[in-house]
Colleague: 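Supplied in structure tokens, the structure appears directly below.
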Amino acid sequence: MVGIVLIMWAGALPTLDRPVPAPSLETAGKPAKQADAAIRNRQLQEPARRIAESLIAPPPVDLSEIERIEARPPLGDLGLAVRPRTPMPKDWRETRLYSPIATSSATFESMGWKVTISGAQDIDVDQTCSFRDETWPCGQRARAAFNAWLRGRALNCFLPPETERFAIAAPCRLGKQDVGAWLVANGWAMALPGGIYGKAEAVARDAGMGVFGPPR
């Protein structure tokens with residue numbers, strides 16, 4: 001009897017050679033997924049901790065104590081919008097004028113045209129200027145300076161159709177240089193009131209350039 005019982009007991013024990021079945025993926029993964037979901041739900045339900053709120057969050061502000069003030073003036077004129085130029089008539093076209101000859105400080109003749117640089121106030125050839133009680137023919141000197149700068153080089157000017165040629169005020173440039181800006185900035189012409197060369201004339205006056213300085 002005892003031997004029979006021992007044999008039956010030994011048969012019920014697992015042997016080393018007998019393979020152990022692996023757990024299925026569904027039953028193995030289910031407890032882990034349920035645990036992860038439980039952790040996420042618990043994190044969502046818990047309120048966020050406040051860490052260094054006084055250092056990160058802005059202090060509370062009483063809106064009744066806020067007062068709107070006027071904007072400060074600009075530090076300079078560099079960032080201000082440039083005064084828009086007067087639009088040219090639609091039928092005017094940029095025309096190249098060859099071998100220009102200055103007849104005064106802001107007027108020249110070329111190819112039958114007599115052109116005054118728009119925005120610049122001409123200095124008469126016969127005008128004289130005084131500097132520290134010394135008088136000098138600044139009008140003639142201004143015309144000579146204009147001619148010396150031109151050196152017969154062609155100018156690009158906006159002109160009306162060639163129906164008839166007459167004295168006209170027009171913007172011109174020599175290469176990329178604005179002719180009126182050069183004349184006024186160097187003191188060889190004045191800026192028309194309310195024109196675009198007012199600041200250039202102020203600079204020329206402060207620096208004693210051209211007719212605003214000593215005889216040249």
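Excluded from the calculations below are hydrogen atoms, water molecules and symmetry mates; all remaining heavy atoms, backbone and side chain alike, are included.
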Colleague: Would you kindly confirm whether M190 and W136 end up in one hydrophobic cluster when ILVMFWY residues are joined by side chain heavy atoms under 4.5 Å apart?
Modeller: yes
Colleague: Same cluster or not: are L192 and I123 linked, directly or through other Ile, Leu, Val, Met, Phe, Trp or Tyr residues, by side-chain heavy atoms under 4.5 angstrom apart?
Modeller: no
Colleague: Check whether any side-chain heavy atom of C138 lies under 4.5 Å from a side-chain heavy atom of Q127, and answer yes or no.
Modeller: yes
Colleague: Test V211 against W188 for side chain to side chain contact (heavy atoms under 4.5 Å, CB included), laying out the working first.
Modeller: CA-CA 6 Å; V211 298; W188 299 124; 4.2 Å; yes
Colleague: Could you grab the distance from atom CD of Q140 to atom CG of D124, nearest 0.5 Å is fine?
Modeller: 10.0 Å
Colleague: Return the set of residues passing side chain to side chain donor-acceptor pair (under 3.5 Å) with E94 (not counting sequence neighbours), or none when no residue passes.
Modeller: R173
Colleague: Test L97 against F108 for side chain to side chain contact (heavy atoms under 4.5 Å, CB included), laying out the working first.
Modeller: CA-CA 10 Å; L97 300 178; F108 69 92; 3.9 Å; yes
Colleague: Applying side-chain contact (heavy atoms from CB on, under 4.5 Å), name anything that partners S130, two or more places apart in sequence or on another chain.
Modeller: T135
Colleague: Walk me through it: do R153 and L174 pass the test side chain to side chain contact (heavy atoms under 4.5 Å, CB included)?
Modeller: CA-CA 8 Å; R153 293 176 292 178; L174 177 61; 3.2 Å; yes
Colleague: Quick check for you: to the nearest 0.5 Å, what is the distance between C129 atom SG and R141 atom CZ?
Modeller: 12.0 Å
Colleague: Got a second to check how far I101's CD1 is from S110's OG, nearest 0.5 Å?
Modeller: 8.5 Å
Colleague: Could you report the tightest heavy-atom contact between P171 and S118, atom names first, then the distance?
Modeller: N-OG, 3.2 Å
Colleague: Group every Ile, Leu, Val, Met, Phe, Trp and Tyr by side-chain heavy-atom contacts under 4.5 Å, then state whether W182 and V115 land in the same group.
Modeller: yes
Colleague: Would you mind reporting whether N156 and T95 have side-chain heavy atoms less than 4.5 Å apart?
Modeller: no
Colleague: Identify, with sequence neighbours excluded, every residue that meets side-chain contact (heavy atoms from CB on, under 4.5 Å) alongside A154.
Modeller: R96, Y98
Colleague: Determine, stepwise, if the pair I168 / L159 fulfils side chain to side chain contact (heavy atoms under 4.5 Å, CB included).
Modeller: CA-CA 8 Å; I168 188 173; L159 302 177; 4.3 Å; yes
Colleague: Sequence neighbours excluded, which residues qualify as side chain to side chain donor-acceptor pair (under 3.5 Å) partners of D122?
Modeller: S104, S105
Colleague: With a cut-off of 3.5 Å and sequence neighbours excluded, list every side-chain donor-acceptor pair involving residues 142-151.
Modeller:
| unit_1 | atom_1 | unit_2 | atom_2 | d |
| --- | --- | --- | --- | --- |
| N147 | OD1 | A102 | N | 2.9 |
| N147 | ND2 | A102 | O | 3.3 |

Colleague: For A191 versus G198, what's the shortest heavy-atom pair and its separation?
Modeller: CB-N, 3.9 Å
Colleague: Would you mind listing every side-chain hydrogen bond (donor to acceptor under 3.5 Å, both in side chains) that reaches into residues 204-216, with sequence neighbours excluded?
Modeller: E201-R205
Colleague: Determine whether a donor-acceptor pair (N or O, by modelled atom type, separation under 3.5 Å) exists between the side chain of D178 and the backbone of G180.
Modeller: yes
